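In what follows, chains carry the letters A, B, and so on, assigned in the order in which the sequence lines appear, proteins first and then strands, with residues in each chain numbered from 1. Being a predicted model, the structure only gives us computed values, none of them experimental.
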Amino acid sequence: MSNAKSRIDNPWQFARSKVVDILEKVTQLDRESIADNLETPPDSSLGDFATTLAFGLAKEKKKNPAKIAEDIAKEISELSKTEALLTAVKQKGPYINFYLSRGELADLTVKSVLTMETAYGNSDEYKGLRALIESPAVNPSKPWHIGHARNAVIGDTLANMLEAVGYAVLRMDYINDLGLQIAQLVWKLKDAEGPESNEKYDHYLGRLYVGVNETFESNERVEEQVREVSRRLEDLKSKEAKRSDKMVSDCVEAQSQTAYRLNIYHDYHIWESMIAYSGLLEQAKEMMLKCDNIFIPDEGDKKDCVIADLTAIDEFKDMKEPNKVLFRSDGTRTYTGADVAFQMWKFGIIEDPFTYSLFEEQPNDKPVYRTKFGGKKHDLGKVNLVFNVIGSGQAHPQRLVYSIMDLLGYHEQAKNSHHVAYEFVGLEEADFSGRKGTWRGYSCDDVLDKARELAKKEVSKRNPDESDAFKNHVAEQIGTGAVRYRLLNASPDRRITFRWEDALDFNGDAAPYLQYSCARASRILERAVEDESADLSLLNTNEEFALVKAIARFPEEVLGVIQGMTKQVWGTSFSTNRMTAYCYNLATLFSRFYDSCPVLKSEPDFRAARLQLVQAFRITMSNCLRLLGIPVVERM
RNA sequence: GGGCGCGUAGUCUAGCAUGGAUAAGGCGCCAGCCUUCGAAGUUGGAGGCCCCAGGUUCGAAUCCUGGCGCGCCCGCCA
């Protein structure tokens, strides 16, 4: 990246490169090791960058690190006088601390943001690459509970962030319309009373299912009837199949209402029935059997099954059963078999046999398509990366799928298959279970409703004269934000215990605090008169400088989270919490600035400069909130 | 039996990848700040064997080894 370019779209990186330049000249070390030893001091009074190079050199030269630091610092302080971005270099013990020019950084940063506007924070680092994300894949037999929302929100935020760094993203949902639950519900639906008035269809099915499952487990005759339904579902022209399609479709429509409230949209819904009956599996099976380690034994307990021999793979050699069945002896697929085929489809290894039709127009004005027999062919194009957002309990099966891909010779695709893992959301006394119905009272709709209700109370208190429509609108935005933020702010590898008092706490480290900082900034800006020119070097109080630095760091923070996604044995880490932490910190620094630096009431020169800073803040915060899928609120 | 994750003030968490200066926040508690751009805010305070024991290192919440506690995973199931 050229200096001129990074100067505009990544001010912090630009500033750091200046420090590296100088250290390079003085120490003659390579840039990489200099950058590795450059850190942020624990306290801003100790400067903006610090190098620990003296520790390493001390060992080499067998000298006191503090002495070495002193020598280097002496040399640097001469050189640094030619660099406008630096004001001071001070040695403290073994550390050498660099102080940036507050005015210069403010000028550089604010101008960057005002030039880039909504694109500030974005980069074209990964331009030309395409990614596919599968999330959240909730069974179409019940409403989303708050745990499903965690998946959906992680998937959506990942999609936003990938787009910000240049990827083209395909947002995909998987609809399992062939599970046992579906057969049970189709059986039940025949003589069930319809939904109660005002009852959402997904809630209705969820309620039915709890009852059905109890009958199913205690009654053999029912079990036999459900199996019969299951068989008939395979005939796509059957009454049952048509009823099932309608039921699932209605359920997905209802679940989508919940997704929309969370700002979550998709491009495609892939139904399991399409995977099962489009010929995809047969094609996949044929391709798999060409691989030496995948075969059909003629004897033993796996006779006539298609199995993958995993003993060749080191990490699975301790498995109880290293022969993984992909297709059963009766020719039907196992979950793993279907998952491998589906993963092959995602990468375009198998030519797309699916046909599609419009499912609905979403509130974001974009269409979402579903797979449908008799629909049209679509060209989804090749993707480079696939992210499956799935609970961490699926780590082992996911790795199996990727390893089998590798076994099949698709090394690149195996490497580029990512299981974005997260822990479940639970209650203090139980986990969420569709069978037991423990989700009741904790559906995503319930949580969003309560959040909205509480938000409306607060909004009404502060805006008694506003219309009801205004209050409802803002309350919904605050509710959505609060729920999304809670789910993203927890590290994905940590289990969340759901508690109402946490979910509905609008103070402190929570979304309304972020939205509030934006609203305050908006208040100032709407009262200001346009003033083109401003001397940004006047921005040099502690509070202004801290805010400027945080704004400057935004592009690097976005990139850092994406580049920090590393593949581990248990899945691929995606630190949503790092992004929320950045955002919260940014809001905190604005609040401090707000309290200590009057804008509209200060002298004209300061006023002009501060107005631009407020503008830069609002742009940055809005961009950050957009990545997180949290609505930007103008007034609350 | 084997594998993976988690363990940090009363409580909920961040920091651990790549070791570095006084362990950072929220909630709760105590005490201040609205005749100055919105108090969903802000300033200060109390509160800690960073699960335990060893080891590596000039330096460990962070890395290594061995424990302990909690959760999850290892089917021709779904």
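Note on A/Val633: nothing from the nucleic acid sits closer than 4.0 angstrom, heavy atoms only. Using a 4.0 Å heavy-atom criterion, one finds that A/Asn97 contacts the bases of the nucleic acid, with or without backbone contacts as well. Heavy atoms of A/Ile478 sit under 4.0 angstrom from at least one base atom.
Remark: B/A46 base-pairs with no nucleotide in the shown strands. Criterion, Watson-Crick or G-U wobble with two distances under 3.5 Å. Remark: B/C63 base-pairs with B/G55; criterion is Watson-Crick or G-U wobble with both hydrogen-bond distances under 3.5 Å. Pairing of B/G5, defined by two Watson-Crick or G-U wobble distances under 3.5 Å, is identified with B/C70. Base pairing of B/G38 is not made with any nucleotide, judged by Watson-Crick or G-U wobble geometry with both donor-acceptor distances under 3.5 Å.
In this structure, A/Asn542 places its CG atom 17 Å from P of B/U42, rounding to the nearest Å. Rounding to whole angstrom units, CG of residue A/Asn585 and P of B/G41 are separated by 16 Å. Taking atom CG on A/Leu310 and atom P on B/C74, their separation rounds to 14 Å, with Å as the unit. For the pair A/Leu514 CG and B/G41 P, the interatomic distance rounds to 11 Å; values are reported in whole Å. Computed from coordinates, the A/Tyr422 OH to B/C72 C1' distance equals 13 Å when rounded to whole Å. Summarising the geometry, the separation between CD1 on A/Ile390 and P on B/C73 is reported as 14 Å, rounded to the nearest angstrom. In this structure, CG of A/Leu589 is placed 13 Å from C1' of B/U42, rounded to the nearest angstrom. The distance between atom CH2 of A/Trp570 and atom P of B/C72, rounded to the nearest whole Å, is 18 Å.
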Derivation and outcome, salt bridge (Lys or Arg N to Asp or Glu O under 4.0 Å), residues A/Arg333 and A/Glu272 = CA-CA 12 Å; A/Arg333 73 207 182 278; A/Glu272 174 66 19; 2.9 Å; yes
Next item on the list: I would like to know whether A/Ser522 and A/Arg635 meet side chain to side chain donor-acceptor pair (under 3.5 Å); could you show each step before the answer?
Entry: CA-CA 8 Å; A/Ser522 297; A/Arg635 185 187 295 276; over 6 Å; no
For A/Phe593 and A/Phe545: C-alpha separation, side-chain torsions, deciding distance, then whether ring pair (Phe, Tyr, Trp, His ring centres under 6.0 Å) applies. CA-CA 9 Å; A/Phe593 160 79; A/Phe545 183 51; over 10 Å; no
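Between the C1' atoms of B/G41 and B/G26, the separation comes to 15 Å (whole Å). Taking atom P in both B/A40 and B/C16, the straight-line distance is 33 Å, to the nearest Å. The same atom, C1', is picked in B/G15 and in B/U22; the two are 15 Å apart, to the nearest Å.
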Letter by letter from the 5' end, nucleotides 22-29 of chain B scores (B base, S sugar-phosphate only, - none; protein heavy atoms under 4.0 Å) ---SSS--
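Atom CG of A/Asn139 sits about 10.0 Å away from atom CG of A/Asp177, to the nearest 0.5 Å. Separation of atoms CG (A/Asn577) and CG (A/Asp493) is listed at 8.0 Å; rounding is to 0.5 Å.
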Can you give me every donor-acceptor pair (side chain of residues 497-506 of chain A, partner residue at least two apart or in another chain, under 3.5 Å) with its distance?
from     : atom 1 : to       : atom 2 : distance (Å)
A/Arg499 : NE     : A/Glu428 : OE2    : 3.1
A/Arg499 : NH2    : A/Glu428 : OE2    : 3.4
A/Asp505 : OD1    : A/Asn507 : N      : 3.0

Under-3.5 Å N/O pairs linking protein and nucleotides 75-78 of chain B:
from  : atom 1 : to       : atom 2 : distance (Å)
B/C76 : O3'    : A/Arg328 : NE     : 3.2
B/C76 : N3     : A/Ser329 : OG     : 3.3
B/C76 : N4     : A/Asp301 : O      : 2.5
B/C77 : OP1    : A/Arg328 : NE     : 2.3
B/C77 : OP1    : A/Arg328 : NH2    : 2.0
B/A78 : OP2    : A/Arg328 : NH2    : 2.9
B/A78 : O3'    : A/Leu180 : N      : 3.3

Could you write out each protein N or O paired with an N or O of nucleotides 57-63 of chain B at a distance under 3.5 Å?
none

Any protein N or O atoms within reach of nucleotides 31-38 of chain B? Criterion: under 3.5 Å, listing atom names and distances.
from  : atom 1 : to       : atom 2 : distance (Å)
B/U36 : O3'    : A/Lys601 : NZ     : 3.1
B/U36 : O2'    : A/Lys601 : NZ     : 2.4
B/C37 : O3'    : A/Arg527 : NH1    : 3.2
B/C37 : O2     : A/Val599 : N      : 3.4
B/C37 : O2     : A/Leu600 : N      : 3.0
B/C37 : N3     : A/Val599 : N      : 3.0
B/C37 : N4     : A/Tyr594 : O      : 2.4
B/C37 : N4     : A/Cys597 : O      : 3.0
B/G38 : OP2    : A/Arg527 : NH2    : 3.0
B/G38 : O5'    : A/Tyr594 : OH     : 3.4
B/G38 : O2'    : A/Tyr516 : OH     : 2.4
B/G38 : O2'    : A/Arg520 : NE     : 3.2
B/G38 : N7     : A/Arg523 : NH1    : 3.4
B/G38 : O6     : A/Arg523 : NH1    : 3.2
B/G38 : O6     : A/Met636 : N      : 3.1
B/G38 : N1     : A/Met636 : O      : 2.6
B/G38 : N2     : A/Met636 : O      : 3.2

Below 3.5 Å between N/O atoms, which protein atoms pair up with nucleotides 15-18 of chain B? Just atom names and distances, please.
from  : atom 1 : to       : atom 2 : distance (Å)
B/G15 : OP1    : A/Asn577 : ND2    : 3.3

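In plain terms, the two heavy atoms of A/Pro297 and A/Ile307 that are nearest each other are CG-CD1, 3.8 Å.
For A/Arg494, there are no salt bridge (Lys or Arg N to Asp or Glu O under 4.0 Å) partners, not counting sequence neighbours. Partners of A/Glu224 according to the salt bridge (Lys or Arg N to Asp or Glu O under 4.0 Å) rule, which considers only residues two or more places apart in sequence or in another chain, are A/Arg231. With sequence neighbours excluded, the residues that form a side-chain hydrogen bond (donor to acceptor under 3.5 Å, both in side chains) with A/Gln225 are A/Trp187. Remark: A/Asp605 engages no residue in a salt bridge (Lys or Arg N to Asp or Glu O under 4.0 Å) (not counting sequence neighbours).
A salt bridge does not link A/Glu453 to A/Lys457: none of the charged side-chain nitrogens sits closer than 4.0 Å to a carboxylate oxygen. With salt bridges taken as basic N to acidic carboxylate O contacts below 4.0 Å, none links A/Lys302 and A/Asp309.
Residue pairs that meet the side-chain hydrogen bond (donor to acceptor under 3.5 Å, both in side chains) test with at least one member in residues 591-604 of chain A, sequence neighbours left out, are A/Tyr513-A/Ser591. Applying the ring pair (Phe, Tyr, Trp, His ring centres under 6.0 Å) test to residues at least two apart or on different chains, the pairs with a partner in residues 30-51 of chain A are A/Trp12-A/Phe49.
In textbook terms, a nucleotide whose glycosidic angle is within 90° of 0 is syn, and B/C34 is one such case.
For the pair A/Ile496 and A/Val569, nearest-nucleotide mapping onto RNA chain B gives the more 5' position to A/Val569.
Between the side chains of A/Arg328 and A/Thr332, a donor-acceptor pair is found at a separation under 3.5 Å.
Judged by the 6.0 Å distance and 45° axis criteria, A/Lys142 is not positioned over the aromatic ring of A/Tyr209.
Contact check, A/Tyr513 against B/U42: a side-chain N or O comes under 4.0 Å of OP1 or OP2.
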